[in-house]
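The basis for the numbers below is simple: all heavy atoms, side chains too, and nothing from hydrogens, waters or symmetry mates. Quick note on labels: first sequence line is chain A, next is B, and so on, each numbered from 1.
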Amino acid sequence: MMVRALFLILMCLIPAWALAQNGPLRIEITEGVIEPLPVAIPDLVLEGGAAGDLGQRIARVVAEDLTGTGLFREIPSSAFISQVSDFAAPVQYADWKAINAQALVAGAVSVNGDQISVKFRLYDVFSGAELGEGLQLAGTTDGWRRIAHKMADVVYSRITGETGYFDSRVVFVSETGPKDSRRKRLAVMDYDGANVQYLTGSEDIVLAPRFSVAGDRVLYTSYETGFPRIYVLDVGSVQRRVLESQQGTMSFAPRFAPNGQTVVYSLTQGANTDIWAMNVASGQSQRLTSTPAIETAPSFSPDGGQIVFESDRSGTQQLYVMPAGGGEARRISFGEGRYGTPVWSPRGDLIAFTKQSKGRFHIGVMRTDGSEERLLTASFLDEGPTWSPNGRVIMFARETQGAAGRSTLYSVDITGRNLRPVRTPDGGSDPSWGPLQR
Amino acid sequence: MNTGQVISGIGHAGLIGWMLFGGSFQSEPLPFEVTEVSVISSDAFEAMLPSGSVPDPSVDVALPVEPEVTPDPVETPVPDEAVEVEPPEPTPAPEPEVVPEPPAPDPEPEVVDDAPVQPAPQDQAVVVPEVAPRPIPRPSERVAPDPVAPPEPEAAPDDVQQDAVTESETGETQVEEQEATAPEEATTEIVTEAEEPASAPTASLRPPARRPSPPVQTAEPAPEPETPSTPTAEPADTTDDVNDALREALGGAEEEVPQGPPLSAGEKDALRVAVSNCWNVGSLSSDALQTTVVVTVDMSQDGKPVVPSIRLASSSGGSQAAAQQAFEAARRAIIRCTRDGYDLPAEKYGQWQEIEMTFNPERMRIK
């Protein structure tokens with residue numbers, strides 16, 4: 001009897017078990033790979049005018065932009081099985097699959113006088129379909145690099161889902177000469193170090209230039225009068241004016257608020273340094289901190305509601321966050337060493353900083369509450385981080401040791417990968433990354 | 001019947017009896033072994049003691065004996081508080097031999113010191129995992145799927161390609177490009193060679209078995225005798241559209257899908273690993289890395305996904321744009337590593353005809 005009962009129970013369970021197996025097979029994938037995406041970028045097809053080697057040069061800039069992120073790997077043209085000789089011709093997906101190209105950028109360029117027109121399409125090779133719609137860009141032949149950067153921005157954006165940062169500029173301090181007699185002047189360049197233009201002469205020491213959110217103005221500190229004073233420079237006209245400051249004080253470390261109307265900076269009166277805010281138009285200033293400690297390097301959050309700054313009020317140099325209008329500040333850095341030059345990410349999720357610990361300097365990032373601190377670099381001297389417009393990359397200055405030491409700009413991904421120097425004609429320090437150009 | 005029961009009863013009784021007797025016999029050899037061992041060891045040990053007459057090591061030997069006797073509550077306060085407490089201890093101690101060993105307090109603090117030494121290796125163990133957690137497993141994962149790929153030894157298809165090129169004009173340059181490019185780019189791209197041979201033999205083998213079925217559905221009486229004749233004629237004509245014919249044939253044979261038992265854990269893991277190795281999240285935005293997508297795909301019987309059927313079933317954790325990016329990465333993963341078809345058991349096709357894959361990038365997230 002017992003055996004029969006067990007048999008009947010099993011017979012009842014089997015259909016239920018079989019029903020449970022109906023429907024699709026379900027699997028969960030939690031482990032992937034992190035590797036550069038192979039992308040093919042053949043030279044742009046020449047469709048008219050005296051384009052010369054413009055198609056090749058544009059393709060090279062696009063390739064350098066993409067591979068420079070560390071997220072893409074360019075497939076050399078020598079590996080191509082088929083060539084893109086006609087922009088309108090259908091893509092031979094099998095040929096690009098064969099060389100493992102996961103994305104294909106095919107474009108064409110035409111020149112009419114000093115005007116240039118570029119059109120391109122992005123293909124997802126393995127899906128056998130176009131990724132997004134084709135796009136056409138127009139400009140002057142002198143601005144071909146910007147067109148290439150914009151092409152790369154579109155490709156980057158469509159594949160990664162993030163906005164690009166290639167069509168952006170960086171203001172920095174260009175440095176020449178030995179350490180003991182170094183000459184400094186303000187300069188602005190493309191994000192990749194091309195098209196360097198100087199904004200000031202090298203007669204006076206200049207420090208800490210900072211782009212406005214719109215990228216049309218630059219704040220910087222100059223020792224022109226012997227004391228540090230803050231200037232506002234219009235990038236287009238290269239006209240400048242000094243921000244009003246109290247007699248007998250030193251002002252430095254300025255930075256624009258997101259609204260572009262307010263500037264926060266450090267003001268030293270006697271032996272005390274505090275953070276102040278000033279309306280650029282009216283010159284009206286407001287004191288934000290009032291402690292006997294040295295407080296400097298303020299930086300706004302993207303929404304303009306908070307300010308992160310450095311202070312030694314606890315005895316060591318640490319990072320604090322306070323409301324934009326001043327008030328009680330909370331300490332966010334508690335690690336070993338000294339923290340300085342905090343900069344809020346454009347995304348608002350991270351704060352980059354310089355850290356000095358055990359005789360070495362680091363560039364690091366942490367959450368806005370101080371958690372998940374992560375050091376990205378380590379060297380004899382790394383300092384002055386600045387964020388790319390999309391908050392994915394950090395640029396900073398690295399100085400080498402010794403009397404012949406040289407300061408060079410570097411960039412690194414927020415993951416700590418892809419550390420690489422920025423090619424500038426001279427040395428560079430104090431970079432400030434501007435917004436994406438329009 | 002009776003004799004059988006009797007025989008079995010006798011057998012069982014004998015067995016039970018043997019078990020009882022066997023147990024009683026085993027008691028004899030025990031005392032022998034115990035006495036011999038104890039006598040030998042004690043003599044040898046006593047002989048050794050006078051030769052090594054140093055009293056100090058004996059103190060060390062006595063240490064483990066002490067805690068067994070009594071002094072646990074007494075010993076712990078002794079080193080901490082003072083030496084004055086020790087005089088009263090020897091009086092209550094039942095063993096006079098243990099008492100004359102006052103040097104015991106000296107080694108005791110050593111025991112206390114040993115305890116704090118243990119956490120030291122714990123600190124070291126904490127530091128180690130921070131060194132290099134990630135990079136090691138990935139290269140191995142990349143290597144894993146490749147050995148499965150059979151196309152490597154298939155050098156013969158190269159000759160086929162060359163013949164085809166020579167038939168057309170300007171064969172020299174084309175042949176040179178193919179030979180130079182394929183090996184340069186990547187080992188996984190040997191699939192180029194795999195695609196052509198895979199399409200020819202697999203297509204020619206399978207259609208004869210299944211093509212008879214579609215005509216049966218369209219016209220029941222006549223096509224059945226005709227079908228054996230049509231496959232003989234078709235191979236000569238159809239050389240280009242073999243894949244299309246395959247798709248149609250497979251679609252019409254849905255009723256004959258072999259169900260088989262459910263996939264084993266190993267078979268599921270093999271599929272999971274195959275897709276994982278092509279799931280590249282390196283180019284995804286941090287927002288997309290917060291997004292889990294569920295992708296469904298229909299599979300053909302040769303283990304290849306039907307690309308148009310790949311669709312996003314659901315997503316969670318990110319914006320719609322991020323979900324789209326995550327879905328495209330998942331779609332690339334499904335398509336990339338399936339040039340030869342996934343290694344799935346054909347007899348269980350019904351179990352994996354439709355697959356629902358959940359791509360959860362939690363572990364791959366950029367923190």
Between A/S127 and B/V307, is any pair of side-chain heavy atoms under 4.5 Å apart?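 No - every pair of side-chain heavy atoms lies 4.5 Å or more apart.
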
Does the side chain of A/E31 reach to within under 4.5 Å of the side chain of B/V273, using non-hydrogen atoms? no

Measure the [atom1]-[atom2] distance between [X] and [Y] for me, rounded to the nearest 0.5 Å.
| X | Y | atom1 | atom2 | result |
| --- | --- | --- | --- | --- |
| B/R272 | A/E28 | CZ | CD | 8.0 Å |
| A/K97 | B/I335 | NZ | CD1 | 7.0 Å |
| B/L263 | A/L25 | CG | CG | 5.5 Å |
| A/I29 | B/I334 | CD1 | CD1 | 7.0 Å |
| B/F359 | A/I27 | CZ | CD1 | 7.0 Å |
| B/Q325 | A/R158 | CD | CZ | 10.5 Å |

Short question: side chain of B/N360, backbone of A/T30 - any donor-acceptor pair under 3.5 Å? no

Sidechain-backbone polar pair: B/S285 side chain, A/E162 backbone, donor-acceptor under 3.5 Å: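 Looks like no, no N/O pair under 3.5 Å.
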
Testing B/M357, B/Q353, B/E356, B/Q351 one by one against A/P24 for a side chain to side chain contact (heavy atoms under 4.5 Å, CB included), which residue passes? B/E356

What residue, out of B/N280, B/T358, B/T296, has the most heavy-atom pairs lying under 4.5 Å from chain A? B/N280

Taking every non-hydrogen pair under 4.5 Å, which of B/R332, B/E328, B/Q324 racks up the most with chain A? B/R332

So which part of [X] gets closer than 4.5 Å to some heavy atom of chain B, the side chain, the backbone, both or neither?
| X | answer |
| --- | --- |
| A/T163 | neither |
| A/L131 | side chain |
| A/D124 | side chain |

What closest approach, in Å, do B/S283 and A/L37 show between heavy atoms, and which atom pair accounts for it?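 It is OG-CD1, 4.2 Å.
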
